[in-house]
**Q** 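Shown below is the structure under consideration.
Lettering follows sequence order; numbering is per chain, from 1.
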2 protein chains.
Amino acid sequence: MGRTVPKASRKPRADALRNRERLLDAAKRVFAGGASDASLDAVAREAGVGIATLYRHFPTREALYEAVYRREVDELVALADGLAGVPDSVAGLRRWLRAMIDLVATKKGMVAALAISVDAKSAVSARMSKRLAGALGALLDRAIAEKRIRRDVSGEEMLLALVGMCILRDQPDWREGAVKMADVLVDGMMVKK
Amino acid sequence: MGRTVPKASRKPRADALRNRERLLDAAKRVFAGGASDASLDAVAREAGVGIATLYRHFPTREALYEAVYRREVDELVALADGLAGVPDSVAGLRRWLRAMIDLVATKKGMVAALAISVDAKSAVSARMSKRLAGALGALLDRAIAEKRIRRDVSGEEMLLALVGMCILRDQPDWREGAVKMADVLVDGMMVKK
DNA sequence: AAATATACGGAGGAATCCTCCGTTTCACAA
DNA sequence: TTGTGAAACGGAGGATTCCTCCGTATATTT
């Protein structure tokens with residue numbers, strides 16, 4: 001019996017925090033161009049840190065992705081919150097989709113991360129897409145409540161379609177096409193009147 | 001100057017043909033469940049053939065994909081030809097999209113193959129998506145000519161969107177969602193009247 | 001300063017990719 | 001048939017990446 005709580009856990013070590021930051025910076029740098037399939041060894045090397053240290057901080061590739069892109073996901077979620085107050089719900093929806101595409105356009109690595117997060121066995125960063133789907137779902141729900149769009153498309157479905165549309169393509173004209181298709185998607189969801 | 005054609009090229013060797021077949025069969029079997037990232041060593045092993053033989057017949061992973069899925073692509077192209085004669089052009093379009101999704105639903109490995117074919121540096125099986133985009137483009141063009149859908153979406157763009165929407169997802173309800181989104185896409189493309 | 005919990009680095013086994021090269025087999029002609 | 005050279009074969013092995021194990025080093029606490 002006695003203390004099932006082992007210890008009053010001490011303060012985290014300074015070198016651990018420092019290395020975590022270094023790894024995140026290195027990962028951002030390495031994933032920047034969309035090379036999200038870069039070797040983790042390379043990331044560790046770039047960070048000037050042993051490979052074991054990387055794995056200790058981020059047990060899986062997805063965990064690293066999640067940490068790297070958490071901030072951007074946060075931003076998108078916040079944006080959705082902000083857009084909830086906009087008068088025109090459909091316009092808000094369109095704006096959010098555009099923001100999502102924009103972000104993806106700059107952080108191409110994130111798309112792959114998202115894809116992996118959805119693509120099977122990744123319970124870890126599935127949370128990332130869950131949150132995005134939730135944010136998008138809220139926007140959809142509002143437009144649905146106003147009877148402006150059909151009600152049988154979930155945030156998750158829409159997000160998958162959007163991400164899917166972005167995931168391919170390396171060409172420069174990439175963004176425009178994605179925006180266009182996103183708009184088409186919204187057009188298709190609007191109830192005819 | 002006689003024969004610029006070097007030789008009256010002899011008949012291909014029997015063992016070469018046999019091994020090619022074996023490799024294709026093995027690949028079909030191995031890729032069946034969508035495990036299109038299976039190791040090529042495994043495919044060679046399954047075929048009971050040396051790894052070098054695999055690489056000799058299919059220099060790249062994409063070349064193997066293309067060979068495996070050529071038949072299905074042929075079918076879709078043929079279907080598009082057939083649907084060109086259907087009275088309702090938009091209905092034909094919808095039917096083709098559905099067929100594409102159906103095929104993908106059974107041969108999940110093909111999606112990954114397609115994705116890879118689009119995803120950068122794969123000149124080899126880019127042909128596969130080119131042909132599909134062409135087939136789809138023809139259907140679109142017809143509907144455009146009849147002024148039934150907007151004219152600024154290309155076959156390639158639409159295919160990318162569709163494939164993207166399919167590429168994620170492992171859940172059983174997968175197909176229905178994809179069909180729904182494809183319909184939404186078409187709805188969004190129809191000119192309002 | 002000593003104790004100890006915590007973190008570090010890198011060696012190294014396993015898997016995969018792909019090439020090189022010596023050996024074997026087949027198609028064709030004599 | 002049999003000989004011969006072109007064509008195909010197999011698998012060893014170097015390179016890369018993944019991930020774990022474990023001995024060493026260091027920060028925090030007493």
**Q** Could you encode protein contacts along nucleotides 25-30 of chain D as a string, one character per nucleotide from 5' to 3', using B for base contact, S for sugar-phosphate-only contact and - for no contact, with a heavy-atom cut-off of under 4.0 Å?
**A** -BBBS-
**Q** Where do B:His57 and B:Arg22 land on the side chain to side chain contact (heavy atoms under 4.5 Å, CB included) test, with the steps shown first?
**A** CA-CA 11 Å; B:His57 284 286; B:Arg22 281 191 187 173; over 6 Å; no
**Q** For B:Leu159 and B:Ala133, work out which heavy atoms get closest and say how close.
**A** CD2-N, 3.8 Å
**Q** Should B:Ile101 and B:Cys166 count as side-chain neighbours, where that means a heavy-atom distance under 4.5 Å?
**A** yes
**Q** Taking CZ from B:Arg20 and P from D:dC9, how many angstroms apart are they, rounded to a whole number?
**A** 11 Å
**Q** Please give me the minimum heavy-atom distance between B:Val49 and B:Leu54, naming the atom from each residue.
**A**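 The answer is CG1-N, 4.3 Å.
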**Q** Which whole-number value in Å describes the distance from B:Glu62 CD to C:dC18 P?
**A** 9 Å
**Q** I'd like to know if B:Asp88 pairs up with B:Arg148 as an ion pair, taking the criterion as any Lys NZ or Arg NE/NH1/NH2 lying under 4.0 Å from an Asp or Glu carboxylate oxygen.
**A**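 Salt bridge present between B:Asp88 and B:Arg148.
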**Q** Less than 4.0 Å between a side-chain N and a carboxylate O, is that true for B:Arg142 and B:Glu146?
**A** yes
**Q** How many whole angstroms separate atom CZ of B:Phe58 from atom P of C:dC18?
**A**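 Rounding to the nearest Å, CZ of B:Phe58 and P of C:dC18 are 15 Å apart.
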**Q** Any idea which heavy atoms bring A:Leu136 and A:Gly155 closest together, and the distance?
**A**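 Scanning both residues, the minimum pair turns out to be CD2-O, 3.6 Å.
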**Q** What string of B, S and - do you get for nucleotides 10-19 of chain D 5' to 3' if you count protein non-hydrogen atoms under 4.0 Å?
**A** BBB----SBB
**Q** Atom CG of A:Leu17 to atom P of C:dA7: distance rounded to whole Å?
**A** 9 Å
**Q** May I ask you to decide whether B:Asp183 forms a salt bridge with B:Arg98, counting only side-chain N to carboxylate O separations under 4.0 Å?
**A** yes
**Q** Specify the closest pair of heavy atoms between A:Met158 and B:Met181, including all atoms of both residues, with the distance to one decimal.
**A**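 Heavy atoms only, the tightest pair is CA-CE, 4.2 Å.
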**Q** Roughly how far apart are A:Leu23 CG and A:Arg18 CZ, rounded to 0.5 Å?
**A** 11.0 Å
**Q** Rounding to 10°, can you tell me the angle the first-five-pair axis of the helix from C:dA1-D:dT30 to C:dA30-D:dT1 makes with its last-five-pair axis?
**A** 0°
**Q** Please give, in whole Å, the distance from C:dG9 C1' to A:Arg22 CZ?
**A** 13 Å
**Q** Answer yes when A:Arg95 and A:Asp102 have at least one side-chain N-carboxylate O distance shorter than 4.0 Å, and no when they do not.
**A**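 Here A:Arg95 does not pair with A:Asp102 in a salt bridge, since their nearest N and O are not under 4.0 Å apart.
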**Q** OP1 or OP2 of D:dC9 sitting under 4.0 Å from any side-chain N/O of B:His57?
**A**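 Yes, because at least one side-chain N or O of B:His57 sits under 4.0 Å from OP1 or OP2 of D:dC9.
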